[in-house]
K.L.:
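One structure, as structure tokens, below. Some questions next.
Computed from a predicted model, the values in this text were never measured in an experiment. All values below come from the heavy atoms of this structure, side chains included, with hydrogens, waters and symmetry mates left out. Remember, it's 1-based here, ligands and their atoms both numbered in the order they're listed. Here, residue 1 is the first one in the sequence, and each next residue gets the next number.
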Amino acid sequence: MNVLSIVSEVYPLIKTGGLADVAGALPKALRLHGIDVLTLVPGYPQVLEHLPNRARVGDLDDLLGHRAVVSRAETGGLDVLVLEVPELYQRGGGPYIGPDGRDHPDNWLRFAVLSLAGARIALGHLAPGKADVVHVHDWQTALTPVYLRYAFRSPLPVMCTIHNLAFQGQFSYDIAPWLGLPPAALGFECLEYYGGVGYLKAGLLCSDIVTTVSPTYAREILSPDLGMGLDGVLQQRRSALYGIVNGIDAEIWSPGADPLIPRRYDARSLVRRRENRAALLERFGLPDANGPLFAALTRLTWQKGADLLSEAAEEIVSHGGQLVVCGQGDPDVEAALLDCAGRFPDRVGVHIGYAEELAHLIVSGCDVLMQPSRFEPCGLTQLYAMRYGAIPLVGRTGGLAETIIDANDAAMARGVATGFQFHPVDPHSFREAVRRTCEAFEDREAWTSLQRQAMKADFSWDRSAFQYAQLFEALQAARRVRGEEGELTYAMVDEPNSV
Ligand code: ADP
Ligand code: GLC
């Protein structure tokens, strides 16, 4: 089966977060299930640089007034199509944000063009031929099913995966006439959203299956608390909504084979981690205080609870611990963390920025990896941490709630604990969780068992890829039937994680 995955970032070509990791790893895992994924990404400068030997497969004219060259390349087990529209994608900054830190002002057009090109490629307008199923991710590609249904009248099956409902692609209604969609698509039953347009909203309504990246988050987004205004739409699509937890790419994230860390190790040679710990402290210019070394590796945003880190740092320091932070984001949070490092020069180190190699050093060397997220669709960092024997300390929400077993007395006694959770996500509970973690760290034998248990947790893609494969196969095989309410539905096989 051929799946066309249309996505705004994919590792190792371009990455701002976990979306890229998932888009890069899932195709490799699906191949073992007989599914060939072709991945369409925009030709950002980083992508073009990475793929100097790409081969031109054809041109697409008339993409909302733009013209694209489409090229193809293989990289790291991925089969990639690059959409080259220099005036839209070849510019400074990142995929979504300019060098000035603000959203590119034409993001509505950049991602509408990506979505439209994806629809046309899926329909076979270019050499790779027709796709059997289309997979879109987040708001940036959510218009593909809208183009398929309304502009091309095509029933080609589409799966839309929500990686983060906080980003919805909302724009002024003024852009609606420029999207190349017929009037029927522009009303409230599709694109119109509270007086503006909503790309994700429209995509959720036009896709056959909607998935999100953990079963817990799938349930959470059905309520106003975490539905971010789309809970009503999601309730409407409830029968088509699935939660499939993310996996990790064990080829890239493996302490026994990681070329980016000073000393490789496994669960039986945990003592070797000390060298990585020493290298990590040295990297941040910190002496070894012999207490627990906490770390945070994250976008510094409200979602991630990054504003709570400075206060937690005080608690960590008061228990003899140390903290290193690598991240970027909200300027106020960055400033507060730098200030904190200034106040505790031997105890707190901060690196503002995105640093792939440092990310590997952190998970291989820190004792505790903190994610005080206020909501978390899945989260990958805690999965990497566990695999590297760093103990996660997380807010109990979304994917964090279900991927970690809290080290309460019962779980510790049964030897099943893998980390520490706290709830609610507020400064008081966070401090309390830091205290509990520091106390646990003192019993070194119990701590080592906790590390070994965390390292045993299996978050490889095998199981989750199987669930995606089942849904893709169901989409391909099922005959569309008109349900009683006039909704398009599929006859599903062995439904995984239906909510
Ligand atoms: P999100 O996608 O919401 O940011 P995830 O936990 O799913 O959260 O994925 C984050 C990914 O980005 C992980 O691969 C993590 O290692 C990486 N990451 C986050 N911040 C940084 C950073 N400052 N430097 C390097 N990698 C980072
Ligand atoms: C989003 C979410 C994160 C998830 C990632 C990959 O960025 O915030 O929780 O792990 O997507 O699905």
Side-chain angles (χ1 to χ4, degrees), residues 5 7-12 14-26 94-96 135-140 160-168 200 211-218 220-221 226 228 243-249 252-253 258 260-261 283 295-306 309 324-330 333-334 337 349-364 366 369-388 390 392 394-395 397-404 459 461 464 468:
S5 170
V7 70
S8 56
E9 55 180 279
V10 58
Y11 184 86
I14 174 89
K15 166 171 165 181
T16 72
L19 168 60
D21 287 356
V22 173
L26 183 56
Y96 321 117
H135 191 188
V136 300
H137 305 262
D138 280 351
W139 73 267
Q140 291 91 343
C160 175
T161 297
I162 303 168
H163 295 264
N164 194 333
L165 205 55
F167 304 103
Q168 300 183 359
L200 184 60
T211 69
T212 187
V213 289
S214 69
T216 306
Y217 192 59
E220 288 172 343
I221 57 180
L226 288 179
M228 312 242 167
I244 304 179
V245 72
N246 285 333
I248 63 177
D249 190 327
I252 295 165
W253 296 93
D258 190 335
L260 299 178
I261 61 176
R283 177 77 172 261
L297 167 68
T298 179
R299 293 187 283 119
L300 298 175
T301 62
W302 184 86
Q303 173 195 346
K304 302 291 180 180
L309 289 172
V324 295
V325 179
C326 171
Q328 60 186 4
D330 185 336
V333 174
E334 289 180 359
L337 285 166
V350 174
H351 173 89
I352 300 296
Y354 181 89
E356 193 69 34
E357 194 176 337
L358 184 53
H360 287 248
L361 182 60
I362 286 176
V363 291
S364 72
C366 75
L369 192 111
M370 301 197 289
Q371 272 167 284
S373 303
R374 292 187 168 93
F375 67 93
E376 195 62 74
C378 179
L380 293 170
T381 323
Q382 82 280 9
L383 306 182
Y384 301 144
M386 281 194 274
R387 192 160 163 79
Y388 281 72
V394 304
T397 183
L400 299 175
E402 71 186 58
T403 55
I404 286 157
F459 287 103
W461 266 106
S464 301
Y468 275 103

K.L.:
Could you list which atoms of ligand 1 come closer than 4.0 Å to a heavy atom of Gly327?
P.N.:
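Under 4.0 Å from Gly327, ligand 1 has these atoms: 23 (N).
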K.L.:
For atom 14 (O) of ligand 1, what is the nearest protein heavy atom, given as residue, atom name and distance?
P.N.:
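Of every protein heavy atom, Asp21 OD2, 2.6 Å lies nearest to atom 14 (O) of ligand 1.
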K.L.:
For ligand 2, indicate whether the residue Val213 contacts it via side chain, backbone, both or neither (heavy-atom separation under 4.0 Å).
P.N.:
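Within the 4.0 Å criterion, Val213 contacts ligand 2 through side-chain atoms alone.
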K.L.:
Which of the atoms in ligand 1, numbered in the order shown and given with their element, are less than 4.0 Å from a heavy-atom of Tyr384?
P.N.:
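Near Tyr384, meaning under 4.0 Å from one of its heavy atoms, ligand 1 has 13 (C), 14 (O).
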K.L.:
Suppose I only count heavy atoms of Gly17 and a 4.0 Å limit; which atoms of ligand 1 are within that range?
P.N.:
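Heavy-atom distances to Gly17 below 4.0 Å select 2 (O), 11 (C), 12 (O).
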K.L.:
Quick check: does any side chain N or O of Ser364 sit under 3.5 Å from a backbone N or O of Ile261, one acting as donor and the other as acceptor?
P.N.:
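Judged by distance alone, no pair lies under 3.5 Å.
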K.L.:
Record the part of Asn246 in heavy-atom contact with ligand 1 below 4.0 Å; permitted values are side chain, backbone, both and neither.
P.N.:
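The answer is neither.
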K.L.:
Under 4.0 Å from any heavy atom of Gly379, which atoms of ligand 1 are there?
P.N.:
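Listed by number with element, the hits are 6 (O), 7 (O).
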K.L.:
Among all protein heavy atoms in this structure, tell me which lies nearest to atom 2 (C) of ligand 2, with the distance rounded to 0.1 Å.
P.N.:
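Going atom by atom, the protein heavy atom closest to atom 2 (C) of ligand 2 ends up being His163 O, 3.1 Å.
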K.L.:
Could you check which of Ile252, Asn164, Leu297 puts a non-hydrogen atom nearest to atom 16 (O) of ligand 1?
P.N.:
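Among Ile252, Asn164, Leu297, the closest heavy atom to atom 16 (O) of ligand 1 belongs to Leu297.
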K.L.:
Counting each atom of ligand 2 from 1 as listed, which ones have a heavy atom of Glu376 under 4.0 Å away?
P.N.:
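By the 4.0 Å cutoff, the relevant atoms are 2 (C), 3 (C), 8 (O), 9 (O).
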K.L.:
Name the closest protein heavy atom to atom 8 (O) of ligand 1, giving the residue it belongs to and the distance to 0.1 Å.
P.N.:
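Protein heavy atom at minimum distance: Lys304 NZ, 3.0 Å.
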K.L.:
Give the residue and atom name of whichever protein heavy atom lies nearest to atom 23 (N) of ligand 1, and the separation in Å to one decimal.
P.N.:
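Of every protein heavy atom, Gly353 O, 2.9 Å lies nearest to atom 23 (N) of ligand 1.
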K.L.:
Measure the spacing between CD of Gln382 and CE of Met370 and express it to the nearest 0.5 Å.
P.N.:
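Separation between the atoms: 14.5 Å.
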K.L.:
Give the atom numbers and elements of ligand 2 that come within less than 4.0 Å of a heavy atom of Gly18.
P.N.:
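That gives atoms 5 (C), 6 (C) of ligand 2.
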K.L.:
Please confirm whether Cys326 approaches ligand 1 to less than 4.0 Å, judged on its heavy atoms.
P.N.:
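Flag set, Cys326 near ligand 1.
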K.L.:
When you measure from the heavy atoms of Tyr11 to every atom of ligand 1, does any distance fall below 4.0 Å?
P.N.:
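No; Tyr11 lies far enough from ligand 1 that no heavy-atom distance drops under 4.0 Å.
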K.L.:
Nearest to atom 26 (N) of ligand 1, what protein heavy atom do you find, and at what distance?
P.N.:
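Result: Tyr354 CE1, 3.3 Å.
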K.L.:
With backbone taken as N, CA, C and O and side chain as the heavy atoms from C-beta onward, which portion of Asn246 lies under 4.0 Å from ligand 2: side chain, backbone, both, or neither?
P.N.:
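Looking at Asn246 and ligand 2, just side chain atoms fall under 4.0 Å.
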K.L.:
Which atoms of ligand 1 are found less than 4.0 Å from any heavy atom of Leu380?
P.N.:
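The list of qualifying atoms is 5 (P), 6 (O), 7 (O).
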K.L.:
Only heavy atoms of Gln303, strictly under 4.0 Å: list the atoms of ligand 2 that pass.
P.N.:
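In order of number, 8 (O).
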K.L.:
For ligand 1, find out whether one of its N or O atoms is nearer than 3.5 Å to an N or O atom of Arg299.
P.N.:
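Yes, at least one N or O pair falls under 3.5 Å.
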K.L.:
Would you mind running through ligand 2 and noting each atom that sits below 4.0 Å from a heavy atom of Val22?
P.N.:
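Result: 6 (C), 12 (O).
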K.L.:
Using a 4.0 Å heavy-atom threshold (strictly under), name the region of Ala355 that reaches ligand 1: side chain, backbone, both or neither.
P.N.:
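The answer is the backbone of Ala355.
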K.L.:
Provide, to 0.1 Å, the distance between atom 2 (O) of ligand 1 and the closest protein heavy atom, together with that atom's residue and name.
P.N.:
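Nearest neighbour among protein heavy atoms for atom 2 (O) of ligand 1, to 0.1 Å: Gly18 N, 2.6 Å.
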K.L.:
Among Val213, Leu26, Thr403, Leu19, whose side chain to side chain contact (heavy atoms under 4.5 Å, CB included) with Asn246 holds?
P.N.:
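Testing Asn246 for a side chain to side chain contact (heavy atoms under 4.5 Å, CB included) against Val213, Leu26, Thr403, Leu19 leaves exactly one candidate, Val213.
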K.L.:
Quick test: of every protein heavy atom, which one is nearest to atom 4 (C) of ligand 2, and how far off is it to 0.1 Å?
P.N.:
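Closest protein heavy atom to atom 4 (C) of ligand 2: Gly379 N, 3.7 Å.
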K.L.:
What's the shortest heavy-atom distance between Ile221 and Leu226, and which atoms?
P.N.:
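Closest heavy-atom pair between Ile221 and Leu226: CG2-O, 3.7 Å.
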K.L.:
Could a heavy atom of His163 be found less than 4.0 Å from some atom of ligand 1?
P.N.:
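So His163 does not count as touching ligand 1.
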K.L.:
I'd like to know if the side chain of Gln328 reaches the main chain of Arg299, judged simply by a donor and an acceptor atom lying under 3.5 Å from each other, with no hydrogens or angles considered.
P.N.:
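Pair absent, no side-chain N/O of Gln328 close to backbone of Arg299.
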K.L.:
Between Tyr217 and Phe375, what is the ring plane arrangement, given parallel below 30°, perpendicular above 60°, and tilted in between?
P.N.:
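Ring orientation, 0 to 90° scale: parallel.
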K.L.:
Out of Gln371, His351, Lys15, who is nearest to atom 12 (O) of ligand 1 when you count heavy atoms only?
P.N.:
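Result: the heavy atom closest to atom 12 (O) of ligand 1 is in Lys15.
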K.L.:
Do me a favour and list the nearest non-hydrogen protein atom to atom 15 (C) of ligand 1 with residue, atom name and distance?
P.N.:
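Nearest neighbour among protein heavy atoms for atom 15 (C) of ligand 1, to 0.1 Å: Thr381 OG1, 3.9 Å.
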